[in-house]
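What follows is a single structure, written as structure tokens, with notes after it.
Residue numbers run from 1 in the order of the sequence given.
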Amino acid sequence: MEIESKIRAAVIDCIKALYGQEVEADTIQLQKTKKEFEGHLTLVVFPFLKISRKKPEDTAQEIGTFLKENLPSVIAGYNVIKGFLNLTVAPACWVELLTAIHRDEHYGITLPTEQSPLVMIEYSSPNTNKPLHLGHVRNNLLGWALANVMEANGNRVVKTNIVNDRGIHICKSMLAWLKYGNGETPESTGIKGDHLIGNYYVAFDKHYKEQIKELMAGGMSEEEAKNEAPLIKEAREMLVKWEQNDPEVRALWQRMNEWVYAGFDVTYKALGVGFDKIYYESDTYLEGKEKVMEGLSKGFFFRKEDGSVWADLTREGLDEKLLLRSDGTSVYMTQDIGTAKLRFQDFPIDKMIYVVGNEQNYHFQVLSILLDKLGFEWGKDLVHFSYGMVELPNGKMKSREGTVVDADDLVAEMIETAGKMSEDKINKLTDVSPEEAREIARIVGLGALKYFILKVDARKNMLFNPEESIDFNGNTGPFIQYTYARIRSILRKASEAGLTVPDTLPTDISLSEKEIGLIQMLSDFALTVKQAGSDYNPSCIANYCYDLVKEYNQFYHDFSILREEDPHKKLFRLALSACTGKIIRLGMGLLGIEVPERM
């Protein structure tokens with residue numbers, strides 16, 4: 001913020017002039033003045049007391065006098081409360097700041113260059129044995145928002161996905177389809193491919209449980225029955241055949257996976273997310289085994305008597321970690337090492353961020369150490385963007401029992417509900433075609449879903465309540481979208497009346513504290529974007545947008561805009577509205593949320 005920069009420079013000059021010492025800019029603590037005190041910015045004086053050798057009040061008084069005398073174009077007045085110097089900024093400065101925000105199309109956003117650091121962000125990570133569910137929705141929305149935030153902080157970003165397309169869980173769906181599918185395809189059933197395969201994952205579990213029950217009735221223990229059930233034995237045999245490249249098993253695997261990928265693509269498109277590069281576990285696990293063997297030969301890892309390979313992390317305060325089983329098969333850790341190898345070959349990564357649930361905290365602690373040992377430059381500083389689980393009012397979700405909240409169903413339901421709830425508002429608009437009404441419902445429904453999930457600090461578990469998320473009042477996406485649509489309506493009416501906001505606003509107008517507060521809040525957007533990037537926290541942008549909209553709505557309620565008689569004030573308030581709209585659009589855009597022109 002230009003105003004703060006000017007004050008910091010003046011404070012440095014002030015300390016040198018008054019007390020004969022140089023101070024660094026980062027020792028100057030400026031913050032917003034608390035609402036109960038007069039002023040706009042508060043200088044914390046305590047860091048300068050050793051230099052001034054005076055009481056806090058006296059030091060603040062001297063600095064305040066110096067600033068008012070030497071920076072009259074910025075400082076209109078001041079007051080002292082103990083060791084806090086409350087500064088009142090001149091109205092013309094606020095108008096100049098609004099002009100700067102108005103002129104800057106990307107205000108608050110730092111665009112990357114070819115020299116910018118390269119940040120890779122992994123998110124989604126689905127299994128090919130079931131469709132995406134509510135947990136995946138949170139993961140994808142967080143990953144996409146975080147990628148936007150990192151890019152807005154001047155980083156080049158590569159968005160990646162690792163698809164878990166191999167393993168016993170995949171074989172379960174394949175085997176169930178062979179046994180109970182009667183050759184069904186997405187085309188023959190009209191069912192999305194990922195849903196069709198998910199149905200067979202559920203079918204496997206149902207039949208498997210029946211077999212366990214029968215075996216237990218015949219005298220087996222539960223553990224024995226689980227291992228001896230014919231279905232699980234066949235699934236294990238199928239996995240062995242897959243690993244041996246059996247042509248029939250591989251052909252079936254490829255065919256069914258293609259159905260799933262086509263289904264995933266539809267869901268990703270509906271959610272408005274995507275990837276620059278997709279990796280597959282079937283490609284990366286062998287690379288991981290190779291890298292682990294290389295680590296073994298260098299003495300980083302050790303082999304046990306049964307042939308399994310382990311990493312000893314006791315020096316790091318952890319335990320021993322399995323990397324290859326005794327039969328030579330890999331574990332998740334091996335796959336992640338292999339994926340890291342391929343990614344580092346493909347991209348000169350400076351930072352790697354994994355968007356994965358908090359139940360994997362320990363996994364990524366270990367992965368960071370192992371990648372560092374194996375020579376990956378970004379290994380030690382990898383970021384695990386750890387997020388909490390999403391629960392529903394009626395409890396947790398379980399895929400194999402078919403009780404998950406399906407992502408496609410959720411999106412469709414949100415859009416349908418938005419359509420019903422916004423019918424009254426849309427009906428008040430003239431000349432809205434059925435297509436535009438459907439598009440508004442889509443934007444509002446998805447905005448409600450995305451905002452409700454992204455406004456919560458990612459580290460926390462959350463309860464998703466669809467009805468609460470789509471309310472047009474309160475801290476919701478539709479409330480913010482409705483305010484944006486209102487601003488766009490004001491600007492359209494202004495345009496029809498021949499009014500346009502000039503590039504430079506007249507500074508000789510009186511401003512209310514409400515108007516100054518709104519400009520100050522608009523200028524905070526740049527700091528909010530920086531904070532969201534440094535803390536890996538998109539939720540602070542969501543909550544900033546809500547606070548901004550609340551502030552604007554109060555201004556809109558208290559002041560005339562198009563009916564204002566003073567032409568200078570009218571243009572100023574139009575500029576204030578236009579800048580608010582732009583910042584809402586930029587902020588919500590970082591979250592992956594669209595804003596409608598009309599609502």
For the pair [X] (side chain) and [Y] (backbone), establish whether a donor and an acceptor sit closer than 3.5 Å, ignoring hydrogens and angles.
{"X": "T476", "Y": "F472", "result": "no"}
{"X": "K159", "Y": "E122", "result": "no"}
{"X": "S368", "Y": "K380", "result": "yes"}
{"X": "T417", "Y": "E413", "result": "yes"}
{"X": "T528", "Y": "I541", "result": "no"}
{"X": "H568", "Y": "I509", "result": "no"}
{"X": "S469", "Y": "P466", "result": "yes"}
{"X": "Y107", "Y": "S523", "result": "yes"}
{"X": "N461", "Y": "M389", "result": "yes"}

For [Y], is there an ion pair with [X] - N to carboxylate O distance below 4.0 angstrom?
{"X": "K582", "Y": "E105", "value": "no"}
{"X": "R8", "Y": "E4", "value": "yes"}
{"X": "K569", "Y": "E564", "value": "no"}
{"X": "E62", "Y": "K54", "value": "yes"}
{"X": "E515", "Y": "R573", "value": "yes"}
{"X": "R442", "Y": "E594", "value": "yes"}

Under a 3.5 Å cutoff, is there a donor and acceptor pairing between the side chains of [X] and [Y]?
{"X": "Q554", "Y": "K514", "value": "yes"}
{"X": "T99", "Y": "T504", "value": "no"}
{"X": "Y482", "Y": "N553", "value": "no"}
{"X": "N139", "Y": "S125", "value": "no"}
{"X": "S124", "Y": "Y268", "value": "yes"}
{"X": "H102", "Y": "D503", "value": "no"}
{"X": "H40", "Y": "E513", "value": "yes"}
{"X": "N153", "Y": "T110", "value": "no"}

>> Determine whether K32 and T42 satisfy the following criterion, side-chain contact (heavy atoms from CB on, under 4.5 Å), listing intermediate values before the conclusion.
In response: CA-CA 6 Å; K32 263 188 179 178; T42 297; over 6 Å; no
[X] versus [Y], closest heavy-atom pair with distance:
{"X": "N79", "Y": "E38", "value": "ND2-O, 2.9 Å"}
{"X": "I593", "Y": "Q481", "value": "CG2-NE2, 3.9 Å"}
{"X": "V80", "Y": "A60", "value": "CG1-CB, 3.6 Å"}
{"X": "Q520", "Y": "L41", "value": "NE2-CD2, 3.7 Å"}
{"X": "N473", "Y": "F479", "value": "CA-CD1, 4.2 Å"}
{"X": "G477", "Y": "M588", "value": "O-CE, 4.3 Å"}

Do the non-hydrogen side-chain atoms of [X] and [Y] ever get within less than 4.5 Å of each other?
{"X": "N86", "Y": "Y78", "answer": "no"}
{"X": "M421", "Y": "V444", "answer": "no"}
{"X": "F46", "Y": "T59", "answer": "no"}
{"X": "L271", "Y": "V411", "answer": "yes"}
{"X": "K351", "Y": "P117", "answer": "no"}
{"X": "D104", "Y": "I109", "answer": "no"}
{"X": "N161", "Y": "Y123", "answer": "no"}
{"X": "L85", "Y": "L67", "answer": "yes"}

>> Which residues pass the side-chain contact (heavy atoms from CB on, under 4.5 Å) test with R138, not counting sequence neighbours?
In response: L142, Y387, V390, I453, V456, M462
>> Going by side-chain contact (heavy atoms from CB on, under 4.5 Å), Y556 matches just one of T580, I487, I561. Which one?
In response: I561
> For the side-chain contact (heavy atoms from CB on, under 4.5 Å) test, which of L491, L505, T500 pairs with L574?
Replying inline: L491
Exercise answer: donor-acceptor pairs, residues 144-152 side-chain atoms, under 3.5 Å, sequence neighbours excluded:
from, atom 1, to, atom 2, distance (Å)
N148, ND2, W144, O, 3.4
N148, ND2, L590, O, 3.1

> With ring centroids as reference points, do Y19 and F48 lie under 6.0 angstrom apart?
Replying inline: no
If you round to the nearest 0.5 Å, how far is [atom2] of [Y] from [atom1] of [X]?
{"X": "C14", "Y": "I63", "atom1": "SG", "atom2": "CD1", "value": "5.0 Å"}
{"X": "N361", "Y": "R459", "atom1": "CG", "atom2": "CZ", "value": "11.5 Å"}
{"X": "I75", "Y": "N70", "atom1": "CD1", "atom2": "CG", "value": "11.0 Å"}
{"X": "D558", "Y": "S512", "atom1": "CG", "atom2": "OG", "value": "8.5 Å"}
{"X": "C579", "Y": "I584", "atom1": "SG", "atom2": "CD1", "value": "11.5 Å"}
{"X": "D566", "Y": "S510", "atom1": "CG", "atom2": "OG", "value": "8.0 Å"}

>> Is there a side-chain contact (heavy atoms from CB on, under 4.5 Å) between V383 and M352? Walk through the geometry before answering.
In response: CA-CA 6 Å; V383 175; M352 181 75 214; over 6 Å; no
Is it the case that more than 12 heavy atoms not belonging to [X] sit under 6.0 Å from its [atom1] atom?
{"X": "K550", "atom1": "NZ", "value": "yes"}
{"X": "E114", "atom1": "CD", "value": "no"}
{"X": "E377", "atom1": "CD", "value": "no"}

Using the six-membered ring wherever Trp is involved, compare the ring planes of [X] and [Y] and label them parallel, tilted or perpendicular (cut-offs 30° and 60°).
{"X": "F364", "Y": "Y354", "value": "tilted"}
{"X": "W378", "Y": "F344", "value": "tilted"}
{"X": "F525", "Y": "Y544", "value": "tilted"}

> Given I28 and I12, is the side-chain contact (heavy atoms from CB on, under 4.5 Å) satisfied, shown in steps?
Replying inline: CA-CA 8 Å; I28 299 166; I12 290 170; 3.6 Å; yes
>> Could you go through I349 and F376, starting from their C-alpha distance and side-chain angles, then the distance that decides it, and tell me whether this counts as side-chain contact (heavy atoms from CB on, under 4.5 Å)?
In response: CA-CA 10 Å; I349 304 166; F376 292 97; over 6 Å; no
